[in-house]
Amino acid sequence: MSNSLRLTIVLCLGSLAVFGPLATDMYISAIPAIARSLSVSEGDIQLSVMGYFIGFTLGQLFWGPFSDRFGRKPAALIAVVIFGLASFGCAVAPTSDALIVFRFLEGIGGSVGMVIALSVVRDLFTGNEAAKMMGMTSLVMGIAPVLAPFGGSVVLQFASWRGIFGFLGLFSIFAFLLVALKLPETLAPAARRKVSPWGMLTTYGGLLRKRSFIAFAGTGALLQASFFAYITGSATVLISIYGLSPTTFSLVFGLNSIGMVLGVQVNLRLLRHFTPRQSVRVAVAVHAVCALVLVALQQAGLAQLLPVCILFFILVATMGSIMPMSNTLAMEDNGRHAGTAAALVGALGFGGGAVAGASLGIFANGTAMPLFAVMAISSVLGLICAIFAFPPVGQGDMVREALPDNA
């Protein structure tokens, strides 16, 4: 495959994968403003984040088998249309309840991104080459959390929060055209499978019982729960508790997101010397330690703004290794059901995110402790899974090959 075609595929997959970061990160700093505009509490608006995560979770469970049956490209195009229409619906939502409904639909459409990314990569690549391609796609996706908060704050300078969703609707039009014109279909007609509801349940059940899948996917899901707790709760903590302005919060959030981009780059270098499972274990351990330090600082009354932001930066940076590697490891032994496996990987991750987001709302007490505690619990459970549940080498692992110097 030529380098130009590889780049085209990465850009197409990246444009689909950024729906998730854009749809969450762009409006996080606007949560207080949305609450005031709709005359509800910030907790009510945080439910729209949870609604998006639930839609994202359920949507993936549908798009995976759909793409195995009808192809990757049709699934992507239909989902992008749903995302765009729902985004425009959010832009005109008159109440918080309507916003939650449209955010749910937006999540269903936006969920196609990582399903198609994982499926296309698995269709075309295996081994460390697959890990490299997922790393490159994650690098493109990692740019979105850097730019999204700034974009959201810029929109708020010239328009209300509704303009953010208008922008998302316009972006969906761009993504639709890019995928329609440039993304090749990677699933051959002969490889497509008829899918029935019972068949879907049987395949999902088989994957959940498969150690070489569930150990890697479960570790990724637990760490994504920690990460999405950060996405959901960081605005309330840094704006409402630490007193940052929405613009300053966007700067901090974007700076932290640069950590994910750096994490992806560091991970690509580490793959020259270590296996993906070793990379995941180290990153999960670092993440868990940082989350526990946040809890300890809060408990001791020493959780000042600067150390909290530094620890947030490291926590986000580790996700640049954890997400692409755990996802790729989970997919390695599942080429025949790539779309379905990708859907379950994503559903577990965003299901964890939905639970984490709901926990923040349930245990909210006006302090940062609920956020720190949810992140610590999720990451410690993920570390236990990474240490004890990973299957023996050779089951779901990739043969380590030397990556080129320009990886």
(message) Is there a side-chain contact (heavy atoms from CB on, under 4.5 Å) between L344 and F213? Walk through the geometry before answering.
(response) CA-CA 10 Å; L344 190 54; F213 174 85; 3.5 Å; yes
(message) To the nearest 0.5 Å, what is the distance between CG on L38 and OG on S48?
(response) 9.5 Å
(message) How long is the straight-line distance from CZ of R269 back to OG of S279, given to the nearest 0.5 Å?
(response) 13.0 Å
(message) Contact between V380 and I384 at the side-chain level, heavy atoms closer than 4.5 Å - yes or no?
(response) yes
(message) Treating T248 as the side-chain partner and L244 as the backbone partner, does any N or O pair qualify as donor plus acceptor under 3.5 Å?
(response) no
(request) First locate atom CE of M26, then atom CZ of F165, and finally report the distance between them rounded to the nearest 0.5 Å. (result) 9.5 Å
(request) For F312, enumerate each residue passing the ring pair (Phe, Tyr, Trp, His ring centres under 6.0 Å) test, keeping only those at least two apart in sequence or located in another chain. (result) Y230
(message) Would you compute the distance between atom OG of S87 and atom CD1 of I173 and round it to the nearest 0.5 angstrom?
(response) 10.0 Å
(request) Please report the closest heavy-atom contact between A229 and L371, naming both atoms and the distance. (result) O-CD1, 3.1 Å
(message) Rounded to the nearest 0.5 Å, what separates atom CG in L7 from atom NZ in K182?
(response) 11.0 Å
(message) A side-chain contact here means heavy atoms from C-beta on lying under 4.5 Å apart; do W161 and I31 qualify?
(response) no
(message) Just so I know, are the side chains of L13 and V121 near enough to count as touching, which here means a heavy-atom distance under 4.5 Å?
(response) yes
(request) Report yes or no: does H287 contribute a side-chain atom to a donor-acceptor pair with the main-chain N or O of T318 at less than 3.5 Å? (result) no
(request) Say whether, by atom type as modelled, one donor and one acceptor occur between the side chain of R211 and the main chain of F390 under 3.5 angstrom. (result) yes
(message) Could you check whether any side-chain N or O of S172 sits under 3.5 Å from a backbone N or O of G169, counting only pairs where one atom can act as donor and the other as acceptor?
(response) yes
(message) I need the full list of ring-ring contact (aromatic ring centres under 6.0 Å, His included) pairs touching residues 81-108, with sequence neighbours left out, sorted by first then second residue.
(response) F19-F83
(request) Report yes if the side chains of R209 and I214 come closer than 4.5 Å at any heavy-atom pair, otherwise no. (result) no
(message) Looking at every non-hydrogen atom in both residues, tell me the closest pair between S226 and S378 and how far apart they are.
(response) N-CB, 3.8 Å
(request) Kindly indicate whether the side chain of I9, heavy atoms from C-beta on, has any atom under 4.5 Å from the side chain of L124. (result) yes
(request) Taking all heavy atoms of V316 and all of N256, pick out the closest pair and write down the distance. (result) CG1-O, 3.4 Å
(request) Return yes if some donor-acceptor pair links the side-chain N/O of R281 with the main-chain N/O of L383 below 3.5 Å, else return no. (result) no
(request) Verify, without hydrogens or angle tests, whether S379 (side chain) and A376 (backbone) share a donor-acceptor contact under 3.5 angstrom. (result) yes
(request) To the nearest 0.5 Å, tell me how far E106 CD sits from L22 CG. (result) 10.0 Å
(message) On the six-membered ring of Y27, is R103 placed so that its NZ or CZ lies under 6.0 angstrom from the centre and within 45° of the ring axis?
(response) yes
(request) Compare all side-chain heavy atoms of S15 with those of V179 and state whether any distance is below 4.5 angstrom. (result) yes
(request) Taking the side chain as every heavy atom from C-beta outward, state whether F216 and P391 have any pair of such atoms under 4.5 Å apart. (result) yes
(request) Look at the rings of Y52 and F56 and say which category their plane angle falls in: under 30° parallel, 30 to 60° tilted, over 60° perpendicular. (result) tilted
(message) With a 3.5 Å distance limit and no angle check, can you tell me whether W63 reaches the backbone of I116 through a side-chain donor-acceptor pair?
(response) no
(request) For F227 and M260, run side-chain contact (heavy atoms from CB on, under 4.5 Å): C-alpha distance rounded to whole Å, both residues' side-chain angles, the deciding distance at 0.1 Å, then the answer. (result) CA-CA 11 Å; F227 181 57; M260 180 177 289; 3.4 Å; yes
(request) Determine yes or no for a side-chain-to-main-chain donor-acceptor pair under 3.5 angstrom, with Q298 supplying the side chain and V295 the backbone. (result) no
(request) Begin with the C-alpha distance, continue with both residues' side-chain angles, and end with the deciding distance and a verdict on side-chain contact (heavy atoms from CB on, under 4.5 Å) for L178 and F174. (result) CA-CA 6 Å; L178 181 63; F174 163 78; 4.3 Å; yes
(message) Given Q224, which partner from the list N327, I231, L348 fulfils the side-chain contact (heavy atoms from CB on, under 4.5 Å) test?
(response) N327
(request) Work out which heavy atom in I239 is nearest to a heavy atom in S245; give both atom names and the distance. (result) CG1-O, 4.5 Å
(request) Might you point out which heavy atoms bring L187 and D68 nearest each other, and give the distance in Å? (result) CD2-O, 3.5 Å
(request) Assess the side chains of T367 and N365: does a donor N or O sit below 3.5 Å from an acceptor N or O? (result) yes
(message) Assess the residue pair L294 and C290 against the criterion (side-chain contact (heavy atoms from CB on, under 4.5 Å)); give the C-alpha distance rounded to whole Å, side-chain angles, the decisive distance to 0.1 Å, and a yes or no.
(response) CA-CA 6 Å; L294 280 174; C290 289; over 6 Å; no
(message) Would the distance check show the side chain of E185 and the main-chain N or O of R72 forming a donor-acceptor pair, the cut-off being under 3.5 Å?
(response) yes
(message) With a 4.5 Å cut-off on side-chain heavy atoms, are I82 and V112 touching?
(response) no
(message) To check you understand the geometry: which heavy-atom pair defines the closest contact between M325 and V280, and what is its length?
(response) CB-CG2, 3.3 Å
